Amino acid sequence: MLSSFVRTAFRKRACLLGQNAVRAMSSSGGPFTSLVVSRPTEAITHVELNRPEKRNAMNRAFWSEMVDCFNQIADDSECRVVVVSGAGKIFTAGIDLMDMASDVLQPEGDDTARQSWNLRKIITKYQETFSVIERCPKPVLVAVHGACVGGGVDLITACDIRLCTQDAWFQIKEVDIGLAADVGTLQRLPKVIGSRSLVNELALTARKLYADEAKSCGLVSRVFMDKEVMMAAAMEMAGEIACRSPVATQGTKINLIYSRDHSVAEGLDYMATWNMSMLQTQDVMKSAQAAMEKKSLKTVPFSKL
């Protein structure tokens with residue numbers, strides 16, 4: 001439980017962000033319509049799903065805007081960590097079926113081969129929406145409140161750290177609408193929670209997974225009383241990551257993901273190749289000096305990366 005001081009500070013910060021947050025610009029030059037992107041601090045980027053009136057359902061704009069957003073974040077040397085959350089009463093209801101049905105159910109093409117070819121292009125485009133999160137070198141925290149359905153599970157399994165509220169629940173909903181989940185859940189969730197049996201159960205029955213079970217199986221690492229407390233903790237955790245060397249944090253994320261998908265020997269070899277250059281940084285000496293002088297890393301002026 002966070003102190004009342006931390007909660008009060010977060011309320012003030014949230015109020016300030018509400019006054020000053022600027023919608024990030026997409027590559028086409030216009031504002032995002034499904035997201036709001038803000039900077040709580042110089043080094044933290046907050047990405048908020050922002051269709052609360054539609055329960056943050058993922059429409060056509062969302063699938064392309066997330067790619068634009070995280071590509072921009074990946075290239076942003078000011079940003080060291082990302083926090084993802086949802087506006088309104090829930091995190092997300094998943095795919096916006098009304099908006100997306102024509103893309104999936106009526107692919108273009110003169111025959112089966114051409115329709116299949118175009119449908120595959122659509123599916124791989126949607127897969128990129130969440131793969132871009134995993135590929136982003138900046139650590140990504142996601143804070144879930146209320147429902148996280150369908151595409152929401154695809155999204156959070158591509159993030160590095162998952163937090164939720166006590167009222168949160170998760171559901172792989174795709175079998176209930178006649179398809180197999182196809183944008184990341186079936187590939188990433190088995191590696192997140194480590195129980196093939198539980199993954200199979202959740203994917204085949206579409207039952208809801210509630211917060212306590214989500215924590216016990218490893219889908220989330222921490223559960224909080226409510227959204228306000230969770231967001232305060234998420235920003236505090238993001239601040240702890242952001243104050244450390246970006247060479248260290250980004251290298252850690254990249255090597256954790258590589259090692260997940262390769263053998264121990266391959267992971268060690270990749271790590272040796274990575275650090276033969278990344279160890280040649282002033283950040284090591286700066287961090288060591290701060291430790292010897294018992295100073296907080298927040299006082300160390302690490303260069304941008």
Side-chain angles (χ1 to χ4, degrees), residues 1-22 24 37-48 70 72-85 133 136-144 159-165 215 220-257 259 271 274-305:
M1 184 66 65
L2 295 177
S3 68
S4 59
F5 173 79
V6 173
R7 296 181 64 180
T8 300
F10 178 72
R11 287 193 196 100
K12 292 179 179 178
R13 178 164 56 189
C15 179
L16 181 62
L17 286 175
Q19 296 170 358
N20 297 331
V22 178
V37 182
S38 57
R39 297 297 282 263
T41 73
E42 181 180 348
I44 299 173
T45 299
H46 181 198
V47 178
E48 185 176 41
F70 273 88
Q72 290 177 27
I73 289 171
D75 290 336
D76 182 359
S77 62
E78 298 283 351
C79 174
R80 295 186 183 179
V81 62
V82 185
V83 175
V84 178
S85 68
I133 299 173
C136 176
K138 318 300 170 69
V140 180
L141 290 71
V142 64
V144 177
C159 297
D160 303 301
I161 299 172
R162 290 168 292 277
L163 313 174
C164 78
T165 57
K215 184 175 187 298
V220 301
S221 54
R222 297 178 66 183
V223 178
F224 299 91
M225 179 178 66
D226 56 34
K227 183 180 180 182
E228 182 182 24
V229 175
M230 175 183 64
M231 290 306 299
M235 293 300 175
E236 184 176 1
M237 188 182 298
E240 288 298 319
I241 295 170
C243 76
R244 285 160 169 78
S245 160
V247 172
T249 57
Q250 293 183 40
T252 295
K253 171 175 178 171
I254 290 167
N255 278 275
L256 281 170
I257 292 174
S259 293
M271 186 75 252
W274 182 272
N275 262 359
M276 73 182 189
S277 58
M278 292 299 123
L279 280 176
Q280 300 183 66
T281 171
Q282 297 178 0
D283 292 12
V284 174
M285 293 304 299
K286 289 179 178 179
S287 299
Q289 185 174 355
M292 289 188 293
E293 296 177 358
K294 297 183 179 180
K295 292 182 178 179
S296 169
L297 287 173
K298 294 178 180 179
T299 67
V300 180
F302 294 114
S303 299
K304 298 175 185 178
L305 180 64

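Just so it is clear, the model here is predicted, and its values are computed rather than measured.
Within the 4.5 Å cutoff, no side-chain heavy atoms of R80 are placed close to those of T249. Within the 4.5 Å cutoff, the side chain of M237 has heavy atoms near those of the L163 side chain. Side chains of K253 and P137 form no contact here, defined as non-hydrogen atoms less than 4.5 Å apart. Using a 4.5 Å cut-off on side-chain heavy atoms (C-beta onward), L297 and F302 make contact. By the 4.5 Å heavy-atom criterion applied to side chains, I73 and V47 are counted as neighbours. Between R162 and V144 the shortest side-chain heavy-atom distance does not fall below 4.5 Å. The shortest distance between side-chain heavy atoms of F70 and V84 falls below 4.5 Å.
We find the NZ-OG distance between K227 and S85 to be 5.5 Å, quoted to the nearest 0.5 Å. The CZ atom of R244 sits 13.0 Å away from atom CG of D283, with the distance rounded to the nearest 0.5 Å. For the atom pair CD of E236 and CE of M231, the computed distance is 13.0 Å after rounding to the nearest 0.5 Å. We find the CD-NZ distance between Q289 and K295 to be 7.0 Å, quoted to the nearest 0.5 Å. W274 CH2 to I254 CD1: the interatomic distance, rounded to the nearest 0.5 Å, is 3.5 Å. Here CE of M230 is found 5.0 Å from OG1 of T165. Values are rounded to the nearest 0.5 Å.
Closest of all the heavy-atom pairs between T299 and S296 is OG1-O, 2.6 Å. For S221 against K215, the heavy-atom pair with the smallest separation is O-CE, 3.5 Å. Here the closest heavy-atom approach between residue A234 and residue L141 is recorded as O-CD2, 3.7 Å. Closest approach of P246 and L305 over heavy atoms only: O-CD2, 3.6 Å. The two atoms that bring V81 and A242 nearest to each other are CG1-CB, 3.9 Å, heavy atoms only. Considering every non-hydrogen atom in both I44 and G239, the closest pair reads CD1-N, 3.7 Å.
In this structure, the side chain of N275 does not engage the main chain of M278 through any donor-acceptor pair within 3.5 Å. When atom types are taken as modelled, the side chain of Q280 and the backbone of M276 share a donor-acceptor pair closer than 3.5 angstrom. Under a 3.5 Å cut-off, the side chain of K138 and the backbone N or O of T45 do not form any donor-acceptor pair.
With a 6.0 Å radius and a threshold of 12 heavy atoms from other residues, nucleotides or ligands, E42 has its CD atom at or below the threshold. Within a 6.0 Å radius of NZ in K286, other residues, nucleotides and ligands contribute more than 12 heavy atoms. The environment of CD in E78 is crowded: more than 12 heavy-atom neighbours from other residues, nucleotides or ligands sit within 6.0 Å.
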